[in-house]
Amino acid sequence: MFGSLGKLVERQIKKAQAEGQLQGLEGEGAPLPDRSSEAQGDPAIAAGHRIMAQAGVLPEEFNIKKKLDAARKDYAALTDPEERKSAMSRIADLEMRYNMARDARRSFMR
């Protein structure tokens, strides 16, 4: 069954190439993104995340995670005890918000 499906897919790809439909696409000529971590998880969720990322829409936890990583990096560069205390408070707040957003997404996906 997969043999005939594979042949059909191959014909469709060759037809699209011949008609120039595969030229000028976003990312053309660039290496494929590393998605090895997606192989470990649910393919449907990985596909959903990929579609959202391409549309410029990501779950809130992703944005919070970026802020959390930046806050940790900033904290490592600080030397003043008061600034470090303030930065640690921000990290704790971001960690709490990240965990809440992650848990909310996980419970929604069940």
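Residues forming a side chain to side chain contact (heavy atoms under 4.5 Å, CB included) with Ala70 (at least two apart in sequence, or on another chain): none. The side chain to side chain contact (heavy atoms under 4.5 Å, CB included) check on Ile13 picks up Val9, Gln17, Leu22, with sequence neighbours excluded. Remark: Arg102 pairs with no residue by the salt bridge (charged side-chain N to carboxylate O under 4.0 Å, His left out) rule, at least two apart or across chains. Not a single ring-ring contact (aromatic ring centres under 6.0 Å, His included) links Tyr75 to another residue, sequence neighbours left out. For Met96, the side chain to side chain contact (heavy atoms under 4.5 Å, CB included) partners are Asp93, Met100, not counting sequence neighbours. Residues meeting the side chain to side chain contact (heavy atoms under 4.5 Å, CB included) test with Glu26, sequence neighbours left out: none.
Between the CG atom of Asn99 and the CG atom of Leu94 there is a distance of 11.0 Å, given to the nearest 0.5 Å. Separation of atoms CD (Glu95) and CZ (Arg72) is listed at 4.5 Å; rounding is to 0.5 Å. Atom NZ in Lys7 sits 8.5 Å away from atom CZ in Arg11 (nearest 0.5 Å). For the atom pair OG (Ser86) and CG (Asp74), the distance works out to 11.0 Å, reported to the nearest 0.5 Å. Taken from CG in Leu78 to NZ in Lys85, the straight-line distance is 14.5 Å, to the nearest 0.5 Å.
By the 4.0 Å N-to-carboxylate-O rule, Lys65 lies close enough to Asp69 to be salt-bridged with it.
Cluster annotation: Ile64 is connected to Met88 through the hydrophobic network of ILVMFWY side chains, with a link wherever side-chain heavy atoms come within less than 4.5 Å. By the rule that hydrophobic residues join a cluster once side-chain heavy atoms approach within less than 4.5 Å of another member, Leu68 and Phe62 end up as members of separate clusters.
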